[in-house]
2 protein chains.
Amino acid sequence: MEKKDTKQIILDEALDLFAVNGYDGVAVADIANAVGIKASSLYKHYKGKQDIFDCILEKTAERYNEMAGRLGIDGNISERDAAQYSGMSTETLVETGTALFMYFLHDDYARKFRRMLTIEQYKNEAASKLYTEQYMDSPIVYQSSIFKVFIEQGKMKNVDAKVAAVHFYSPMFLMLCLCDSCPEHEPSALEFIRQHITQFSKLYMEGKIL
Amino acid sequence: MEKKDTKQIILDEALDLFAVNGYDGVAVADIANAVGIKASSLYKHYKGKQDIFDCILEKTAERYNEMAGRLGIDGNISERDAAQYSGMSTETLVETGTALFMYFLHDDYARKFRRMLTIEQYKNEAASKLYTEQYMDSPIVYQSSIFKVFIEQGKMKNVDAKVAAVHFYSPMFLMLCLCDSCPEHEPSALEFIRQHITQFSKLYMEGKIL
DNA sequence: GTCTATAAGAAGATAGAC
DNA sequence: GTCTATCTTCTTATAGAC
């Protein structure tokens, strides 16, 4: 009752520090200090610093796979999802797009985790895999699936769906990277994403049935 | 004659290590070892580890500003450049685009420096500024200037030039990030960039005078 | 589960011989 | 300019009292 869950708090505070300073830039004492305990106490919960890092990676990967499974991001879009998107207009595309962007941008945990992966990707193979999977492969595969449905329905010009998916997603990725580096650019980035999606719709759906 | 320039070699080897392990992940002894001297000898060339890092940042920023100045990346495109691009066809756009991408991707020094900035951006303000300037602001401003000329000349649809610039550049940025993380994706990324530019041309220049 | 104390080693930097 | 030797501090991790 007194303490929520020290083991979880350690992971949260560690991620908070890793997301800025990287694994090597954080001392076990720093994590312990953030939690409000001494470094030695921390070893009652985890084997060591590497164990903490690995647990963050493992837990978040689990959480992600659950979500991805529900959304059908893994591979082809499901029949159910296709039906769901069949009624989508340009306006809802803009709304859905910005909402997804907002989530990626403002969800505190998602942001920290993305930053940590960004820092660690070149020296840690697991981090590299998660980074490319979550921020590149999956969004593109998912968006491609949606656009394939759009094209079949004649809502969208008959172009390569994957290229269209990258045209839709990569500006969001770039703005995410920008805002992660300079949070003061968030308002203009958000406004820009709206312009982007609007122009995207014009280019890809002009003259099409909406 | 015997040694090219120890002071420069130190910077090169340090960058090589920083680009993978980050500043905190590299010991002064590691750098010295890569150079082929002892750690203590290194202090005859630089004040310390931070000095080495700062010198890499400073030297590369200088080199970049020189290049940017010549290309007129800073702000508006020059009259001379506008004239240069006025004769550009879709084919040359594809070629110029892929060439620029190839340079960013395969230039050894550019790649290492980009990786180092990627790692250090969240805890180092100077790194953050250089990162956003070199890989976001400048390419977009530069590409916008070119597209403004295209639009004036009626070569391109009358859309927002900045959004078009991001549509052109952001897929390259995403593929750069991908290849920096997983170099094995280079061949497919290169092929994809060709598809991207082709589709971009169709969307933005279809029905226009070429 | 948290603390103090402490071991054992790594890391940044300096002094001084050659 | 490079070396060996050394200093000091930081860092991970363990032992054992409470």
Side-chain angles (χ1 to χ4, degrees), chain A residues 1-59 112 115-116 119-120 122-127, chain B residues 1-59 112 115-116 119-120 122-127:
Chain A
M1 275 300 197
E2 299 173 40
K3 28 193 161 153
K4 287 276 174 181
D5 184 2
T6 307
K7 196 159 185 176
Q8 184 57 45
I9 294 171
I10 290 170
L11 290 189
D12 292 340
E13 296 296 340
L15 175 61
D16 201 47
L17 291 163
F18 288 153
V20 174
N21 306 105
Y23 182 84
D24 294 311
V26 177
V28 176
D30 297 332
I31 301 170
N33 187 50
V35 175
I37 56 175
K38 294 291 175 185
S40 56
S41 306
L42 208 142
Y43 288 86
K44 297 283 177 183
H45 301 278
Y46 295 95
K47 273 187 253 174
K49 188 179 165 185
Q50 189 64 52
D51 189 30
I52 295 172
F53 181 82
D54 293 339
C55 282
I56 293 173
L57 242 53
E58 200 186 339
K59 275 214 170 189
K112 286 177 193 166
R115 286 220 217 184
M116 190 184 80
I119 297 171
E120 299 302 323
Y122 305 129
K123 62 167 175 275
N124 186 303
E125 207 178 326
Chain B
M1 277 300 196
E2 297 172 43
K3 26 193 160 157
K4 287 275 173 181
D5 184 1
T6 308
K7 195 158 185 176
Q8 184 57 45
I9 294 170
I10 290 169
L11 290 189
D12 293 340
E13 296 297 340
L15 176 61
D16 202 48
L17 291 163
F18 287 152
V20 174
N21 306 104
Y23 182 84
D24 294 310
V26 177
V28 175
D30 297 332
I31 301 169
N33 187 49
V35 175
I37 57 176
K38 294 292 175 184
S40 56
S41 308
L42 209 141
Y43 289 87
K44 298 285 177 180
H45 301 279
Y46 295 96
K47 273 187 253 174
K49 188 179 166 185
Q50 189 64 51
D51 189 29
I52 295 172
F53 181 81
D54 292 340
C55 283
I56 293 173
L57 241 52
E58 199 186 339
K59 275 216 172 189
K112 285 177 192 166
R115 285 219 218 184
M116 190 183 79
I119 298 171
E120 300 301 323
Y122 306 129
K123 62 167 177 276
N124 185 303
E125 208 179 323

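FYI, side chains are in, hydrogens and waters are out, and symmetry mates aren't considered; it's all heavy atoms of this structure. Order of the sequence lines fixes the chain letters, A, B, ..., with proteins taken first and strands second; residue numbering starts at 1 for each chain.
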Taking atom [atom2] of [N] as reference, at what distance in whole Å does atom [atom1] of [X] sit?
| X | N | atom1 | atom2 | answer |
| --- | --- | --- | --- | --- |
| B/Asn33 | C/dA11 | CG | P | 12 Å |
| A/Leu42 | C/dC3 | CG | P | 10 Å |
| A/Asp51 | D/dA13 | CG | C1' | 13 Å |
| A/Asp24 | D/dT11 | CG | C1' | 12 Å |
| A/Gln50 | D/dT11 | CD | P | 17 Å |
| A/Ile52 | D/dT11 | CD1 | C1' | 14 Å |
| B/Ile31 | C/dA11 | CD1 | C1' | 12 Å |
| A/His45 | D/dT14 | NE2 | C1' | 16 Å |

Quick one: label A/Val35 by what it contacts on the DNA or RNA (base, sugar-phosphate, nothing), any heavy atom closer than 4.0 Å.
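No contact.
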Between B/Tyr46 and B/Lys7, is there a cation-pi geometry (under 6.0 Å to ring centre, at most 45° from the normal)?
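Checked: cation-pi criterion met.
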Could you tell me whether B/Lys49 sits above the aromatic face of B/Tyr23, with NZ or CZ closer than 6.0 angstrom to the six-membered ring centre and within 45 degrees of the axis?
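Positive - B/Lys49 is close enough to the ring of B/Tyr23 and near enough to its axis.
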B/Ser40 (side chain) and D/dT4 (base): donor-acceptor pair under 3.5 Å:
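Counting by modelled atom types and ignoring angles, a donor-acceptor contact under 3.5 Å is found here.
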Within the supplied structure, the quantity of interest is the number of heavy atoms (other residues, nucleotides, ligands) at a distance under 6.0 Å from A/Gln8 CD; does it exceed 12?
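More than 12 heavy atoms, drawn from other residues, nucleotides or ligands, come within 6.0 Å of this atom.
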Given C/dA13, is OP1 or OP2 found less than 4.0 Å from the side-chain N or O atoms of B/Tyr43?
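B/Tyr43 to C/dA13 OP1/OP2: side-chain N or O found under 4.0 Å.
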D/dG1 phosphate, OP1 or OP2: any side-chain N/O from B/Ser41 under 4.0 angstrom?
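Indeed not, no polar side-chain atom of B/Ser41 lies that close.
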Minimum heavy-atom distance A/Leu11-A/Ile52, with the two atoms named
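Nearest pair, atom of A/Leu11 first, then A/Ile52: CD2-O, 3.7 Å.
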Closer to the 5' end of DNA chain D via nearest nucleotide, is it B/Lys38 or A/Asp30?
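Upstream on the strand: B/Lys38.
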Please tell me which of A/Lys44 and A/Tyr23 maps to the more 5' nucleotide of DNA chain D, matching each residue to the nucleotide holding its nearest heavy atom.
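Upstream on the strand: A/Tyr23.
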Is any side-chain heavy atom of A/Tyr43 closer than 4.5 Å to one of A/Val28?
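Of all side-chain heavy-atom pairs linking A/Tyr43 with A/Val28, at least one is under 4.5 Å.
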